[in-house]
Amino acid sequence: MRLSRFAAAGLLALAASSGMAATGANVPTDRPLPLAGPRPDAATVQAWQARKFGLFIHFGLYSQLGGVWDGKRITQGYSEQIQSFAPVPIDQYEALAKRFDPEKFDPDAIVALAKAAGMKFIVLTAKHHDGFAMFHTAQNPYDIVDATPYKRDVVKALADACARARMPFGVYYSTIDWHWMHGQYRPDNDNPITPAQADFNVAQIRELMSHYGSISEVWFDMGMPTPAQSERFARAVHELQPQTMVSGRVWNHQGDFTVMGDNREPDEGMEKPWQSPASMFPETWGYRSWQRRDDLQGKVRENIARLVRVVSAGGNYILNIGPEGDGSVVPYEADVLRGIGAWLKPHGEAIYGTHAAPLGKLGFGYATLGAHTLYLFVEKPPADGVLHLPGVADTRFGQGRVLGDAQARVGGVTVDASGAHVEVAGLDRAGYMPVVAIPFDGALHVRPDAVAPGTDGHLQLAVAQAEHFLNYNGYGYEDPSTVYKLRWHAQAGAGDYTLTVHYRDAHAAAKLDVWVDGHPQALALPAGDGTARLRVSRDPHAFPYAMQVELTPVAPFHKGDRLPAIVEAVELAPLAQPAIPPHGG
């Protein structure tokens with residue numbers, strides 16, 4: 001079967017620590033490069049990745065309705081899309097602006113709540129699919145300043161509050177606009193973008209980039225723009241604010257970070273910066289007055305677990321709230337955020353600025369990696385009182401501790417052929433998801449799970465055993481992901497091998513790169529179905545624990561590029577070594 005997300009992340013870390021080729025001028029890399037155009041620099045990307053946890057806010061005209069139209073609960077779809085799902089006649093929906101007066105919207109209180117939750121950035125819906133701008137736009141009067149009795153710019157108010165608190169601030173922007181398109185609803189919000197609407201969008205994007213201070217990210221959403229339109233939207237952001245991160249839902253692989261599906265986490269390896277967006281309730285993002293809100297502690301724990309899963313896989317987690325129509329935060333949602341913050345206060349060092357740990361699936365929970373500390377999140381305390389870390393080798397550990405708990409005890413760490421083993425006691429009294437922090441010297445070394453050879457010394461690398469790396473955020477929300485890399489580890493000794501790739505559906509003669517222990521070679525694939533072979537060599541200095549085999553497009557390749565054929569299997573056969581003559585022969 002495919003490797004877990006934890007193994008995926010772990011093998012990435014192992015590869016990085018073992019000398020894999022890095023991105024740079026004239027240096028081949030097995031990772032996709034960004035598409036052309038201005039892009040945030042490496043320091044910006046790293047700072048964005050280090051934040052880990054942020055607040056999403058869905059707030060707009062729809063918040064007044066609370067999921068109810070004409071006295072009926074609208075159960076289909078998210079409540080922020082009630083205009084489409086009820087449906088609400090467009091003139092009646094737009095008339096809502098005349099009574100939209102969110103006097104209880106308190107930007108400083110919202111920023112303080114986000115800080116109390118341990119959140120490190122905020123993203124607000126500047127314009128959702130209904131086309132109503134929560135900022136003052138010159139493109140039409142359908143905005144909170146010109147069309148409502150409130151007459152204040154909500155985006156500006158929150159941007160200023162974030163600036164005062166040194167909280168990174170971003171905006172959500174829908175590329176479809178039912179007001180501009182006169183209510184042209186499509187069930188999957190996959191509307192094509194006309195040239196005139198693209199011009200309108202760019203004009204509003206430029207306003208947001210020009211009048212609201214530093215914008216940390218633009219969270220584009222939905223629609224089906226052409227590749228040229230996606231590039232234009234991203235460029236409109238970067239030309240005015242080069243360090244602003246653009247979300248993958250600008251589509252056509254133009255984003256600076258990948259976005260998972262709503263309330264989804266990846267099942268495969270992730271090499272690009274990524275974010276998992278989550279709603280407090282899966283049924284809606286915007287305020288729903290009749291939403292069932294119970295088991296507060298269960299909801300707090302649910303989101304702690306989701307945060308830990310996402311961060312342990314190397315991503316960022318953004319959790320949504322939906323304020324009421326008067327601008328107030330739902331008390332239940334505020335309590336959930338405070339509950340997460342209470343857990344993060346003693347455990348935050350295991351979250352912020354960490355990386356996915358180079359470990360496979362763990363029976364007790366999850367792990368993250370700091371500079372010289374391994375953090376173990378214990379979701380299921382083991383009956384034998386020992387945390388098993390499969391594959392760990394050749395690593396010196398120091399004395400561990402349980403974060404925020406002086407009573408729990410961490411014994412010594414032993415390392416044997418199967419991995420490392422950590423004795424723990426008292427975790428049952430340490431609260432939900434206790435974290436064991438274990439310092440180590442130098443690098444953390446892990447033996448990856450590796451395919452064993454047959455009795456003849458040949459290795460059969462099945463595609464089901466490979467780690468799959470996928471392109472997300474293609475043409476639209478429903479566009480399927482595509483494979484850009486397959487990776488195996490094999491129990492192969494030093495020497496030369498014949499590597500055979502069995503493939504099908506190569507639509508034209510093509511090439512792919514075969515990386516063995518970090519060294520690439522191009523392999524030609526004739527069109528159609530077939531078999532291709534290449535002589536490769538093991539480099540145990542680069543990857544001491546197992547041979548690493550990867551298939552990618554020919555380097556340099558870019559986001560969205562995919563393998564040129566469907567790979568069915570890979571074989572490795574050792575080449576016979578020449579006999580060594582006896583001494584003096």
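Since the model is a prediction, treat every value here as computed from it, not as a measurement.
When only modelled atom types and interatomic distance are considered, Tyr477 and Asp190 share no side-chain donor-acceptor pair under 3.5 Å. For Glu265 and Ser276, the side-chain atoms include no donor-acceptor pair closer than 3.5 Å. No hydrogens or angles considered: a donor-acceptor pair under 3.5 Å links the side chains of Gln139 and Glu207. Counted by atom type alone, Gln229 and Asn252 present zero donor-acceptor pairs between their side chains at under 3.5 Å. No side-chain N or O of Gln83 forms a donor-acceptor pair with one of Trp69 less than 3.5 Å apart. Judged by distance alone, the side chains of Asp221 and Thr175 never bring a donor and an acceptor atom under 3.5 Å apart.
For Trp178, the ring-ring contact (aromatic ring centres under 6.0 Å, His included) partners two or more places apart in sequence, or in a different chain, are His129, Tyr185.
Considering CG of Asn471 and OG of Ser481, their distance stands at 8.0 Å, rounded to 0.5 Å. Residue Asp267 holds its CG atom at 9.5 Å from CE of Met260, rounded to the nearest 0.5 Å. Of the inter-residue distances, the one linking Asp177 atom CG with His182 atom NE2 reads 10.0 Å to the nearest 0.5 angstrom. Atom CG of Asp146 sits about 3.5 Å away from atom NE2 of His136, to the nearest 0.5 Å. The distance from atom CG of Leu61 to atom CD1 of Ile82, rounded to the nearest 0.5 Å, is 12.0 Å. Going from atom OG1 of Thr258 over to atom NZ of Lys272 covers 4.5 Å, rounded to the nearest 0.5 Å.
Within the 3.5 Å criterion, the main-chain N or O of Glu324 finds no donor-acceptor partner in the side chain of Ser328. Although no hydrogens or angles enter the test, the distance criterion places no donor-acceptor pair under 3.5 Å between the side chain of Asp101 and the main chain of Glu103. At distances below 3.5 Å, not a single donor-acceptor pair connects side-chain atoms of Thr354 with backbone N or O atoms of Leu369.
Counting heavy atoms from C-beta outward, Ser214 and Gln241 have side chains that approach closer than 4.5 Å. In this structure the side chain of Thr244 never reaches within 4.5 angstrom of the side chain of Pro40, judged on heavy atoms. The side-chain heavy atoms of Tyr332 and Gln291, taken from C-beta on, include no pair separated by under 4.5 Å. Between Asn303 and Val336, some side-chain heavy-atom pair lies under the 4.5 Å cut-off. Ile351 is listed as a side-chain neighbour of Phe377, based on a closest heavy-atom distance under 4.5 Å. Using a 4.5 Å heavy-atom threshold, the side chains of Pro149 and Arg99 count as separate. Here the side chains of Met209 and Arg206 are not in contact, with every heavy-atom distance at 4.5 Å or above. Looking at Tyr287 and Val330, their side chains come closer than 4.5 Å, going by heavy atoms from C-beta outward.
The only option from Phe105, Tyr62, Phe59, Tyr142 that meets the ring-ring contact (aromatic ring centres under 6.0 Å, His included) definition with Phe100 turns out to be Phe59. Looking at Phe121, Trp274, Phe257 one by one, the single match for ring-ring contact (aromatic ring centres under 6.0 Å, His included) with Trp48 turns out to be Phe257. With Gln92 as the partner, the side-chain contact (heavy atoms from CB on, under 4.5 Å) test is satisfied by one option alone out of Ile90, Val88, Leu96: Val88.
In Arg293, the CZ atom is crowded: over 12 heavy atoms of neighbouring residues, nucleotides or ligands sit closer than 6.0 Å. Counted within 6.0 Å of NE2 on His355, heavy atoms from surrounding residues, nucleotides or ligands total 12 or fewer; the atom is thus considered open. Annotation for Lys104: atom NZ does not count as buried by contact number, only 12 or fewer foreign heavy atoms lying within 6.0 Å. For Arg186, the CZ atom sits in a packed shell: over 12 heavy atoms of surrounding residues, nucleotides or ligands are nearer than 6.0 Å.
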Ile318 vs Leu55, side chain to side chain contact (heavy atoms under 4.5 Å, CB included): CA-CA, chis, key distance, verdict: CA-CA 5 Å; Ile318 183 168; Leu55 178 65; 6.0 Å; no

Exercise for the section: Check the pair Met280, Ile321 against side chain to side chain contact (heavy atoms under 4.5 Å, CB included), reporting the backbone distance first and the verdict last. Expected result: CA-CA 6 Å; Met280 194 72 69; Ile321 61 172; 4.1 Å; yes

### Query
Please walk me through it: do Trp290 and Ile74 pass side chain to side chain contact (heavy atoms under 4.5 Å, CB included)?
CA-CA 10 Å; Trp290 46 276; Ile74 305 303; 5.7 Å; no

Go through it in stages, so that I can follow the logic: the residues are His179 and Phe132, the test is ring-ring contact (aromatic ring centres under 6.0 Å, His included), and I'd like the CA-CA distance, side-chain angles, deciding distance and then a yes or no. CA-CA 7 Å; His179 173 81; Phe132 184 78; 8.9 Å; no

* To do: Could you walk me through whether Tyr78 and Asp262 pass the side chain to side chain donor-acceptor pair (under 3.5 Å) test, one step at a time?
  => CA-CA 11 Å; Tyr78 299 147; Asp262 294 357; 2.9 Å; yes

Just do the salt bridge (Lys or Arg N to Asp or Glu O under 4.0 Å) check on Arg338 and Glu333 with the steps written out, would you?
CA-CA 9 Å; Arg338 293 188 190 99; Glu333 298 186 357; over 6 Å; no

Next on the checklist: Test side chain to side chain contact (heavy atoms under 4.5 Å, CB included) on Leu470 and Arg562; report intermediate values, then the result.
Outcome noted: CA-CA 8 Å; Leu470 306 181; Arg562 63 180 73 181; over 6 Å; no

Query raised in the report: Can you list the steps and then say if Glu379 with Arg301 is a salt bridge (Lys or Arg N to Asp or Glu O under 4.0 Å)?
Result: CA-CA 11 Å; Glu379 185 176 44; Arg301 291 184 173 190; over 6 Å; no

I'd like to know whether Glu271 forms a salt bridge (Lys or Arg N to Asp or Glu O under 4.0 Å) with Lys485, so could you lay out the CA-CA distance, the side-chain angles of the two residues, the decisive distance to 0.1 Å, and finally the verdict. CA-CA 11 Å; Glu271 294 182 310; Lys485 178 159 66 178; 2.6 Å; yes

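Of all non-hydrogen atoms in His347 and Val435, the two that sit nearest each other are CD2-CG2, 3.6 Å. The two residues His238 and Asp256 have their closest heavy-atom pair at NE2-OD2, 2.7 Å. Of all the heavy atoms in Pro89 and Pro87, the pair that sits closest is CD-O, 3.8 Å. Across Phe281 and Arg292, no two heavy atoms sit closer than the pair CE2-O, 3.6 Å. Heavy-atom minimum distance, Ala161 versus Val111: CB-CG2, 3.9 Å. Of all the heavy atoms in Pro107 and Ala157, the pair that sits closest is CB-O, 3.6 Å.
At least one cation-pi condition fails for Lys156 and Phe135: the charged atom is not both under 6.0 angstrom from the six-membered ring centre and inside a 45 degree cone around its axis.
Using a 30° and 60° split on the angle between ring planes, Trp285 and Phe56 fall in the perpendicular class, above 60°. Taking the six-membered ring where tryptophan is involved, the planes of Phe557 and Tyr484 are tilted, since the angle between them lies from 30° to 60°.
Annotation: Tyr172 is in aromatic contact with His58 [ring centroid separation under 6.0 Å].
Using a cutoff of 4.0 Å between basic side-chain nitrogens and carboxylate oxygens, Arg232 and Asp199 are scored as salt-bridged.
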